[in-house]
Structure formats: C-alpha cells, structure tokens
Amino acid sequence: MSTSPYTRLLSAATAGALVLPLAGCGAVALPGLGAGDEPTADPGSSVVGSFRGAGASSQEAAMEAWISGFQEQHPDAAIEYDPVGSGAGREDFLAGRTAFGASDVALSDEEMAASGPACDGGNAIDLPVYISPIAVAFNLEGIDRLNLSSDLMARIFTGQITRWDDPAIVAANPEAKLPALTITPVHRSDDSGTTENFADYLHATAPDSWPHEPDGLWPLPEGFAADGTSGVTDTVRSTPGGITYADASATADLGRVAIKVGEEYVPYSADAAAAVVDLSPRIENRYEHDLAFVLDRKIDKPFAYPMVLVSYLVVCSRYEDKAEGRFVKEFVEYVASAEGQERAAAAAGSAVISSDLQDWIADAAKAIYLTQDRPDDQSVDQAQDQPGGAA
C-alpha cells in the first residue's frame with residue numbers, strides 16, 4: 001500500500017466523540033424516530049427508509065459515529081445497529097435479516113458459499129473498515145501498565161499462572177509492586193471475533209502454551225465468562241485482580257499490557273495496529289472486491305502491534321431491494337471515506353485505514369448491483385461468483 005496509516009497522527013480519542021441513544025438490546029439507533037415511525041421522504045435525499053445491521057460489539061462506538069455522520073447527509077434514512085457479536089451478526093446477515101453485518105473475522109469459505117440466497121444470487125464480500133488493537137486489560141490498584149509475553153498471557157488465561165506475584169510476571173516487571181492477589185481471567189461467553197483474533201495471536205506466537213485452534217468460542221471450561229465487550233470489561237472493573245481481552249476502545253480506565261514483539265515490549269496504539277495490516281497479505285482466491293486479510297501475528301517490528309483485529313462490514317454484491325441496496329452503497333462509501341474514518345478514530349480510537357483501502361472499498365461499493373435497476377436479462381459475470389474469481 002502506498003500510504004501507511006501508522007505514519008499519520010490521529011486526533012485524540014475524545015475529540016468529536018458522538019454518542020447516540022441506545023435502542024433495546026444495546027442497538028444503536030438514530031435519534032428523532034419513535035417506535036414504528038417511518039422517516040419522512042425528502043425528494044433531495046438519495047437514501048430513504050429504515051435499515052438494520054448487526055454484529056461485532058467492537059465496532060459499536062465507531063458505528064455510532066458513522067451512523068450520526070451518515071444521518072447528517074441522509075436525514076431520511078433510519079439505521080439501527082445491534083452489537084450482538086460477530087457470530088450472531090454473520091448469522092443474521094446470511095439469513096437475510098439485516099442489510100449488512102459486521103464481523104471481527106472474515107466470512108469462511110463455507111459462509112461465502114451460503115451467501116447466495118441472502119444476496120439475490122450474488123455473494124457476500126468482506127470490507128475492512130475498522131482496525132483496532134486488542135488490549136489485554138487488568139484491574140490492579142496503582143498499576144497502569146505491565147509487560148507480558150504471549151507465553152505469559154497464554155499461561156494466565158489457561159490457569160497455569162494463578163497469582164499476580166508469580167515469579168515469571170515479577171521477572172518481566174521488576175519495577176512493579178505486584179500484589180499477592182489471585183488472577184481472575186475473564187473471557188467472552190458469546191461467539192466473538194475478538195476471541196478468535198486473541199486466540200489466533202496466542203496460537204501463532206505461543207503454541208506450546210496455547211495449543212487451541214483459533215475459534216470465536218472460548219475453548220476452555222474454566223474461568224469467568226461474560227457477554228460482549230462491555231460484559232468482560234465491566235466484570236474486570238468490578239473484580240480486583242481481574243484480566244480480560246477486549247477492543248482497546250473499551251479499556252481506557254483499566255491497566256493495559258505491553259506485549260513482547262521481538263525483544264521489545266510494545267504498548268498498544270492505533271498506528272501500531274494499522275502497521276500490521278499494511279504488512280499483511282490478502283486472502284487469495286476470494287470473490288471479486290472481497291478484501292479479507294491474513295494478519296501476520298509473528299511480526300517482530302517494534303513499530304507494530306500484532307494483537308490486532310480487523311473488523312469488516314459484510315455486504316452483498318447484489319441487492320434485490322433497490323432502497324436497501326442504495327443505502328448499502330452509500331453507507332459503505334461513507335464509512336470508508338476520510339470523513340468516516342476520522343469520525344471513527346475520534347470516537348473509538350481506531351486506526352484510519354490507508355488511502356489505498358479507502359479507494360478499494362469505494363470501488364467495491366460502486367460495483368454493488370441493484371436488481372431493480374437492471375434489465376431482467378442482464379446478469380453478473382459468473383466468473384465473479386466463483387471463489388477463484390478476480391480479486
């Protein structure tokens with residue numbers, strides 16, 4: 001990529017943050033519409049109607065900012081986002097219950113193959129719109145930072161290390177006054193892309209201590225579990241000695257771990273997380289316009305933070321409903337725009353995606369077909385509908 005986002009300075013995480021009211025079950029909804037209300041049509045607005053998305057809780061703060069900004073440009077569009085978790089979001093999208101999904105992992109080949117019915121005979125595509133570090137956050141009075149290798153983190157979350165004054169932790173943090181306190185690891189109870197990314201990092205960098213294959217479901221029966229990003233972080237806030245993993249945007253008031261990269265300990269930052277994406281390859285043999293990445297977890301550059309998640313908007317290449325398709329085209333383009341990315345960075349502390357990615361996602365948005373806009377005999381090139389199609 002020609003422009004690396006880690007070379008840019010992001011605005012402060014609190015600047016311009018936008019918070020919208022939450023509607024039932026944690027859903028993010030636009031203000032100004034009561035239950036059952038429909039937006040008033042505006043002849044000058046290209047997007048009119050009510051639309052729904054669901055998925056990754058990691059994107060919740062960014063999604064609030066995106067919805068608010070989009071609403072300013074399209075006041076006749078009502079959008080609801082339900083942060084139910086990546087797994088449930090993909091399930092809702094593939095069942096045709098939402099206009100878009102959001103997921104901290106790209107769709108699997110099997111999920112791609114099953115996307116035709118929801119996508120008017122087309123296919124789903126993954127668009128990386130949100131890049132954020134995963135923070136390992138803890139609750140220890142008077143301690144804001146600890147150094148931990150992936151091996152130490154794996155041994156903590158598997159229960160092999162059970163006390164904060166364990167000699168291995170003390171050796172990595174000789175200046176910290178570590179208490180004689182039990183460690184309480186807290187993991188996600190739901191099917192979570194954050195869990196899968198965290199497990200992928202541990203499995204790639206500490207396979208002897210973390211032999212479990214990456215998955216959205218936590219692999220061990222032991223430990224405390226909570227639902228969603230807010231569930232695990234709130235549990236740690238109320239639990240002295242607690243530790244969890246979560247999107248960094250939700251951990252500002254907790255202590256956080258600097259992870260060992262090569263021979264150095266690297267604290268999380270949006271720029272360092274974005275550096276990993278810039279240096280990682282795309283998954284091969286995907287549908288046209290799909291932009292899924294294989295993250296390099298073993299990177300040893302001191303400017304990179306490989307415990308990162310890339311969160312995707314999951315949309316269709318074709319929409320039968322003209323209004324829904326027009327909304328998705330416009331919304332995707334806004335989310336990936338410079339304005340959309342800066343709003344998310346200010347609200348969530350995420351990285352601004354590179355200009356190359358912004359352009360590629362804009363091209364993908366323009367290529368979305370609206371079935372009712374095409375003659376009945378016009379069809380999509382079938383080569384694009386195969387896993388080996390052009391990327």
Look at the side-chain heavy atoms of Ile, Leu, Val, Met, Phe, Trp and Tyr, link any pair under 4.5 Å apart, and say whether L217 and V232 land in one connected group.
no
Please evaluate residues D76 and V47 with respect to the criterion side-chain contact (heavy atoms from CB on, under 4.5 Å), reporting the C-alpha separation (whole Å), side-chain torsions for both, the decisive distance (0.1 Å), and the verdict.
CA-CA 7 Å; D76 297 313; V47 179; over 6 Å; no
Identify the heavy atoms of V308 and A273 that sit nearest to each other, and give their distance.
CG2-CB, 3.4 Å
From CE (M112) to CG (L94), nearest 0.5 Å:
9.5 Å
For the pair N173 (side chain) and N147 (backbone), establish whether a donor and an acceptor sit closer than 3.5 Å, ignoring hydrogens and angles.
yes
Does any donor atom in the side chain of Y312 or R90 lie under 3.5 Å from an acceptor atom in the other side chain?
no
For A106, is there any backbone N or O sitting under 3.5 Å from a side-chain donor or acceptor partner on S103?
no
Has the side chain of S317 got a donor or acceptor atom that lies under 3.5 Å from a matching backbone atom of I368?
no
Pairing donors with acceptors under 3.5 angstrom, does anything connect the side chains of D247 and S249?
yes
Any link between L140 and V186 through a network of hydrophobic side chains (Ile, Leu, Val, Met, Phe, Trp, Tyr) touching at under 4.5 Å?
no
Does I361 offer a backbone N or O that forms a donor-acceptor pair with the side chain of H289 under 3.5 Å?
no
Is it true that, when you exclude D144 itself, more than 12 heavy atoms of the residues, nucleotides or ligands shown sit nearer than 6.0 Å to its CG?
no
Tell me whether the rings of W218 and Y245 are parallel (<30°), tilted (30 to 60°) or perpendicular (>60°).
parallel
CG of N123 to CG of D290: how many Å apart, nearest 0.5 Å?
8.5 Å
Starting at CD1 of I243, measure out to OG1 of T235 and round the result to the nearest 0.5 Å.
14.0 Å
Where do A102 and Y81 come nearest, in terms of heavy atoms and distance?
CB-OH, 3.3 Å
Examine distances only and state if a side-chain atom of D321 and a backbone atom of A323 form a donor-acceptor pair shorter than 3.5 Å.
yes
V105 with I283, same ILVMFWY side-chain cluster at under 4.5 Å
no
Run the ring pair (Phe, Tyr, Trp, His ring centres under 6.0 Å) check on F331 and F51 step by step: do they pass?
CA-CA 11 Å; F331 188 62; F51 310 100; 9.5 Å; no
In Å, rounded to the nearest 0.5 Å, how long is the span from CG of D120 to CZ of R318?
5.0 Å
Where do W210 and H203 come nearest, in terms of heavy atoms and distance?
O-ND1, 3.1 Å
Minimum heavy-atom separation for R188 to S57, with atom names?
NH2-OG, 3.5 Å
Do E339 and S337 meet the criterion of a side-chain donor-acceptor pair at a distance under 3.5 Å?
no
Verify whether one side chain among D151 and S209 offers a donor that lies under 3.5 Å from an acceptor in the other.
yes
Are any of the side-chain nitrogens in E333 or K329 under 4.0 Å away from the carboxylate oxygens of its partner?
no
Straight-line distance of D109 CG to R286 CZ, nearest 0.5 Å
5.5 Å
Mind checking whether I143 and I259 sit in one hydrophobic cluster, side chains of I, L, V, M, F, W, Y counted as touching below 4.5 Å?
yes
Reported CZ-to-OG1 distance for the pair F138 and T184, which is rounded to 0.5 angstrom
14.0 Å
Heavy-atom pair of closest approach, residues S269 and P133:
O-CG, 3.8 Å
Just by distance, do the side chain of W66 and the backbone of G340 share a donor-acceptor pair under 3.5 Å?
yes
Heavy-atom closest pair (P185 atom, I156 atom, distance to 0.1 Å) is CG-O, 3.5 Å
Any donor and acceptor pair, going by atom type alone, linking the side chain of Q341 with main-chain N or O of I353 inside 3.5 Å?
yes
Between T251 and L254 (side chain of the first, backbone of the second, donor and acceptor by atom type, cut-off under 3.5 Å), is there such a pair?
no
Treat each ILVMFWY residue as a node, draw an edge where side-chain heavy atoms are under 4.5 Å apart, and state whether F224 and M153 are in one component.
no
Measure from the side-chain N and O atoms of R163 to the backbone N and O of A180, and report whether any donor-acceptor pair falls under 3.5 Å.
yes
Tell me whether R237 is salt-bridged to D234, with the criterion being a basic N under 4.0 Å from an acidic carboxylate O.
yes
Under the 3.5 angstrom rule, does the side chain of N197 hit a backbone N or O of D104 as a donor-acceptor pair?
yes
